[in-house]
There are 2 protein chains.
Amino acid sequence: MKRMNAQARRVEVLAETVKQIREKGMQAVRIADVADAMDVSSALIIYHFETKERLLIDALTYAAERDLLKLGRIMRGSGSPAELLMAALEWYAPTGQARGWQIWVDAWSAAMRDVALAEVLVDLHRQWNKAISSVIDAGVLDGVFQSSNSLEAATRLTSFLDGLAVRMVVHKEPISRADLRAWLVRQVAWELAVDQSALGAVAPEK
Amino acid sequence: MKRMNAQARRVEVLAETVKQIREKGMQAVRIADVADAMDVSSALIIYHFETKERLLIDALTYAAERDLLKLGRIMRGSGSPAELLMAALEWYAPTGQARGWQIWVDAWSAAMRDVALAEVLVDLHRQWNKAISSVIDAGVLDGVFQSSNSLEAATRLTSFLDGLAVRMVVHKEPISRADLRAWLVRQVAWELAVDQSALGAVAPEK
DNA sequence: ATTCTTACTGAATGATTAGTCAGTATTCAC
DNA sequence: GTGAATACTGACTAATCATTCAGTAAGAAT
């Protein structure tokens, strides 16, 4: 019987829960699934999280925080506003089987009826929006971008990507990385009145 | 005890199920909820649908068919391609509390793990895409629109609206009908290289 | 009118699973 | 080393629900 301090164990459980949600979907995860995968008792999970609902919310919060940390790392990197913007958006964008996205589609569905969860998502989104609009503002200051309302522009861009995520994750439409990138560059270029080449477009479309 | 023929009863049950899904969310609907609301026994539901899973899939199929009927009515109406396109997209677009959209966000989540349901959604989306791309093609023939790939253009437009639906339904961001319409007009105008006024824009933005 | 088919019900069943709790073992404080 | 706090478990409980089934009655067929 391994004993850990509560803090470390909590994180371990959260990580496993996120993994299970990815695999089985949010509504199908059972406490026993998480416990079995960690080779501990179900009671251990309840001991640390009180209820299943809290566990799920905490797990999604944990996933959101990790995503935001990564976003922070991207935004703090060196590069022009255009480069940073594209780096952030490309990371946000669904790619491949978009496994990372499934959890958020699940979360959308659950959040419609769960206020606490909705708050987590709203906050996550607010931070994304803030980050994106900040680089847009920086670009506007530099004179490379043009935008009368960077927050709205950010909303439009992320909404577009959310919609594409649905196509890929739900409809299993295989949009290639190259296509997605091209669409994104096109959209950003138009939205911010900037040339596609400034966004790192490989070759202009004919 | 009222007796109805199977066909009519089925439809009645499907309508009530859709209503219940809207109210409670897909994963929370119980057979007893549907039965109680109709003042019949739970066994009646199973008698007509075999399993709950089938009931839910049939209910979403029913909802999809009704949406497509409405789409057909719009597309068969009189009007220029530009008018028809905007009518279709504005009906697709989430409005107000977007109650009608909740069911589809639920469906997205469920469809990621349910092949039968995914097929329903893929088909629904395929038909939307076909309809939208058809009017685009018609507009291109008329010389009002420009588009090198109407199917891809349709995907981009509906994806954008799906993303906005998430904002409204999940994040409860109140995007006004006017704002949404303005964003949509802007996007369509750019996507199809047409003037906003041709799309029924009330006043140009300053 | 009688039979047959079909729509329907009430009551039971069985499977699932979140959460409880009394107790055990480990670590920590001193 | 002793005791207290803490992490943890096994076995149980209680509740929830989909589904079954034996039977009932409405309506159709003859």
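Here is the naming used below: chain letters follow the sequence lines, and residue numbers restart at 1 for every chain. Small disclaimer: the values here were computed from a predicted structure and weren't measured. Worth knowing before you read on, the calculation uses all heavy atoms, side chains too, and leaves out hydrogens, waters and symmetry mates.
Each of A:Val29 and A:Ala43 was assigned the nucleotide of DNA chain C with the nearest heavy atom; the assignment lying further toward the 5' end belongs to A:Val29. With DNA chain C read from its 5' end, the first of the two nearest nucleotides for A:Ser42 and B:Ser42 is the one closest to B:Ser42.
A straight line from CD1 of A:Ile46 to C1' of D:dT13 spans 14 Å, rounded to a whole angstrom. B:Glu53 has its CD atom 16 Å from the C1' atom of D:dC17, to the nearest Å. The CD-C1' distance, from A:Glu12 to D:dA7, rounds to 13 Å in whole Å. The CG atom of B:Leu44 sits 15 Å away from the P atom of D:dT20 (whole-angstrom rounding). Distance CD1 (B:Ile31) to P (D:dA18): 5 Å, rounded to an integer number of Å. B:Arg30 places its CZ atom 13 Å from the P atom of D:dT19, with the value rounded to the nearest Å. One atom, NZ of A:Lys24, and another, C1' of C:dT17, lie 15 Å apart when rounded to the nearest Å. Counting to the nearest Å, the C1' atom of C:dA7 and the CG atom of B:Asp39 are 16 Å from each other.
Side-chain proximity of B:Ala6 to the nucleotides D:dT19, D:dC8, C:dA7 is greatest for C:dA7. For B:Ser41, taking side-chain heavy atoms from C-beta onward, the closest of the listed nucleotides C:dA7, C:dT9, D:dT19 is C:dT9. Set against D:dG10, D:dA18, C:dC8, the side chain of B:Lys52 has D:dA18 as its closest nucleotide.
Between B:Tyr47 and C:dC8, a side-chain N or O to OP1/OP2 separation shorter than 4.0 Å is absent. Dashed line: the shortest gap from a side-chain N or O of A:Arg9 to OP1 or OP2 of D:dC8 is under 4.0 Å. Between B:His48 and C:dT6 there is no side-chain N or O to OP1 or OP2 distance below 4.0 Å.
Taking the ring pair (Phe, Tyr, Trp, His ring centres under 6.0 Å) definition, one finds that A:His48 meets it with nothing, sequence neighbours left out.
If you check the side chains of B:Gln187 and A:Gln187, you find a donor sitting under 3.5 Å from an acceptor.
Within the structure, no pair that satisfies the ring-ring contact (aromatic ring centres under 6.0 Å, His included) test touches residues 23-44 of chain B, not counting sequence neighbours.
One N or O donor and one acceptor, one from the side chain of B:Arg3 and one from the base of C:dT6, sit under 3.5 Å apart.
Cation-pi contact between B:Arg186 and A:Trp190: present, with separation from the ring centre below 6.0 Å and deviation from the ring axis of at most 45°.
Checked options A:Tyr92, A:Trp104, A:Trp108; the residue passing with A:Asp162 is A:Tyr92 (criterion: side-chain hydrogen bond (donor to acceptor under 3.5 Å, both in side chains)).
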